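Below is one structure, written out as structure tokens, with a few remarks after it.
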Amino acid sequence: ARKKKNEKTNMVLGKGRGGTSIVCGVLNILGVNFGENLKQADQQNPKGYFEDTDILELYGRIYREMGVEIEWKTPTYEEIMKIRGKFDNEIQEMITKKIEGRIFCIKSVPFSDLLLLHIPNPYIVVVTRNPLDIAYSIQKTWNKVISTETGILSACFCYEEICRFLDRHPSLPKIFVSFQKIIYDPI
């Protein structure tokens, strides 16, 4: 696919409850497109998720194909690459339709390698948050019965997979954003 000069795709990477929605909210205010049908704001994220429902539905089908029942578990690169061919055409069509010559943004950790194959001019935004704070937030906000240790491990594994992704693609332009810095020292 030929990349148009004005097409750009931001990929916001981070753990759920780690601040990705705040960063996406700022990008949205700045005019970045997140899709036409966004997941609705709710009690857990009252300002919104900034996630396209078509892409979320695709993620769900990929998870099911992989046999993953827990959506807050981050699949490994090897697990994802095993199912790659089954979704390549659908991802390409969806991304092409959604970008349509504008700046687009996708929140993704689990399927970054799959998406990267199909997006023009990728720019990576990595959002970080203290893993203990993520664990507490998961327990409180999602009412998940998980131990603090499991929440910390889940966050650490997610960040490890993000770092592995960045190691596989060292030339990608990227920026790191700290959730704590945004909240406690925004300027």
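This chain uses plain numbering: 1 for the first residue, then up along the sequence. If you're wondering where the values come from, they're calculated on a predicted model, not measured in any experiment.
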Item to check | Within residues 117-141 or reaching into it, pairs that qualify as ring-ring contact (aromatic ring centres under 6.0 Å, His included) - sequence neighbours excluded | outcome: none
Checklist entry - Could you go step by step and tell me if Val177 and Ile22 meet the side-chain contact (heavy atoms from CB on, under 4.5 Å) rule? => result CA-CA 11 Å; Val177 179; Ile22 288 175; over 6 Å; no
Checklist entry - Given Ser21 and Asn45, is the side-chain hydrogen bond (donor to acceptor under 3.5 Å, both in side chains) satisfied, shown in steps? => result CA-CA 8 Å; Ser21 293; Asn45 255 12; 2.9 Å; yes
Item to check | Donor-acceptor pair, side chain of Lys181 and main chain of Phe179, under 3.5 angstrom | outcome: no
Item to check | Row check, Tyr77 ring normal vs Arg168 NZ/CZ: under 6.0 Å, within 45° | outcome: yes
Next on the checklist: According to ring-ring contact (aromatic ring centres under 6.0 Å, His included), who are the partners of Phe165, at least two apart in sequence or on a separate chain?
Outcome noted: His169
Checklist entry - For Lys98, which residues count as a side-chain hydrogen bond (donor to acceptor under 3.5 Å, both in side chains) partner, sequence neighbours excluded? => result Asp52, Asp54
Checklist entry - Is a side-chain N or O of Thr150 found less than 3.5 angstrom from the main chain of Ile146, in a donor-acceptor match? => result no
Item to check | Interatomic distance, Leu115 atom CG to Thr9 atom OG1 [nearest 0.5 angstrom] | outcome: 9.5 Å
Checklist entry - Roughly how far, to the nearest 0.5 Å, is the SG atom of Cys156 from the CG atom of Leu132? => result 10.0 Å
Checklist entry - Where do Tyr59 and Ser108 come nearest, in terms of heavy atoms and distance? => result OH-CB, 3.1 Å
Next on the checklist: Would a single hydrophobic cluster contain both Ile162 and Leu117, if residues Ile, Leu, Val, Met, Phe, Trp and Tyr are joined by side-chain heavy-atom contacts under 4.5 Å?
Outcome noted: no
Next on the checklist: Rounded at 0.5 Å granularity, tell me how far NZ in Lys15 sits from OG in Ser137.
Outcome noted: 11.0 Å
Item to check | Side-chain touch Ile62/Ile80, heavy atoms, less than 4.5 angstrom | outcome: no
Item to check | Thr141 and Gln43: CA distance, side-chain angles, deciding distance, side-chain contact (heavy atoms from CB on, under 4.5 Å) verdict | outcome: CA-CA 9 Å; Thr141 308; Gln43 234 179 354; over 6 Å; no
Checklist entry - Between Phe87 and Ile83, which heavy-atom pair has the shortest distance, and what is it? => result CD1-O, 3.7 Å
Checklist entry - Given side chains that start at C-beta, do those of Val126 and Thr128 come closer than 4.5 Å, heavy atoms only? => result yes
Next on the checklist: Apply salt bridge (charged side-chain N to carboxylate O under 4.0 Å, His left out) to residues Arg84 and Glu65 and explain how you reach the verdict.
Outcome noted: CA-CA 11 Å; Arg84 174 184 159 199; Glu65 179 70 28; over 6 Å; no
Item to check | Criterion side-chain hydrogen bond (donor to acceptor under 3.5 Å, both in side chains) on Gln92 and Thr96, from CA distance to verdict | outcome: CA-CA 6 Å; Gln92 180 63 56; Thr96 300; 2.9 Å; yes
Checklist outcome for this item: When rounded to the nearest 0.5 Å, the distance separating CG of Asn28 from SG of Cys105 is 9.5 Å
Item to check | Charged N-O contact under 4.0 Å between Glu160 and Arg164 | outcome: yes
Item to check | Nearest heavy-atom neighbours spanning Gly35 and Phe104 | outcome: N-CE1, 3.5 Å
Item to check | Ile95 side chain reached by Lys97 side chain, heavy atoms, under 4.5 Å | outcome: no
Item to check | Pairwise side-chain contact, Val23 with Ile182, heavy-atom cut-off 4.5 Å (strictly under) | outcome: yes
Next on the checklist: So does Arg17 get a backbone contact from the side chain of Arg129, meaning a donor-acceptor N/O pair under 3.5 Å?
Outcome noted: yes
Checklist entry - Any link between Leu30 and Tyr49 through a network of hydrophobic side chains (Ile, Leu, Val, Met, Phe, Trp, Tyr) touching at under 4.5 Å? => result no
Item to check | Asp42 atom CG, neighbour heavy-atom count above 12 within 6.0 Å | outcome: yes
Item to check | Side-chain heavy atoms of Val12 within contact of Ile106, under 4.5 Å | outcome: no
Next on the checklist: Test of understanding: clusters of I, L, V, M, F, W, Y form through side-chain heavy atoms closer than 4.5 Å, transitively. Do Val26 and Ile124 belong to the same one?
Outcome noted: no
Checklist entry - Under 4.5 Å between any side-chain heavy atoms of Val127 and Leu13, yes or no? => result no
Item to check | Point-to-point distance, once rounded to the nearest 0.5 Å, from CD1 of Ile134 to SG of Cys158 | outcome: 7.5 Å
Next on the checklist: Tell me if a side-chain donor or acceptor on Thr20 pairs with a main-chain N or O of Gly14 at a distance below 3.5 Å.
Outcome noted: no
Item to check | Centroid-centroid distance, Phe111 to Tyr63, less than 6.0 Å | outcome: yes
Next on the checklist: Could you walk me through whether Phe50 and Leu27 satisfy the side-chain contact (heavy atoms from CB on, under 4.5 Å) test, starting with their C-alpha distance in whole Å, then the side-chain angles of each, then the deciding distance to 0.1 Å, before giving a yes or no?
Outcome noted: CA-CA 10 Å; Phe50 303 96; Leu27 291 172; over 6 Å; no
Item to check | Euclidean distance, Thr53 OG1 relative to Glu36 CD, rounded to 0.5 Å | outcome: 10.5 Å
Checklist entry - Got a salt bridge between Lys39 and Glu51, using NZ or NE/NH1/NH2 to carboxylate O under 4.0 Å? => result no
Item to check | Ile99 to Pro120 - nearest heavy-atom pair and separation | outcome: CD1-CD, 3.2 Å
Checklist entry - When you check the side-chain N and O atoms of Thr76 and Glu161, is any donor under 3.5 Å from an acceptor? => result no
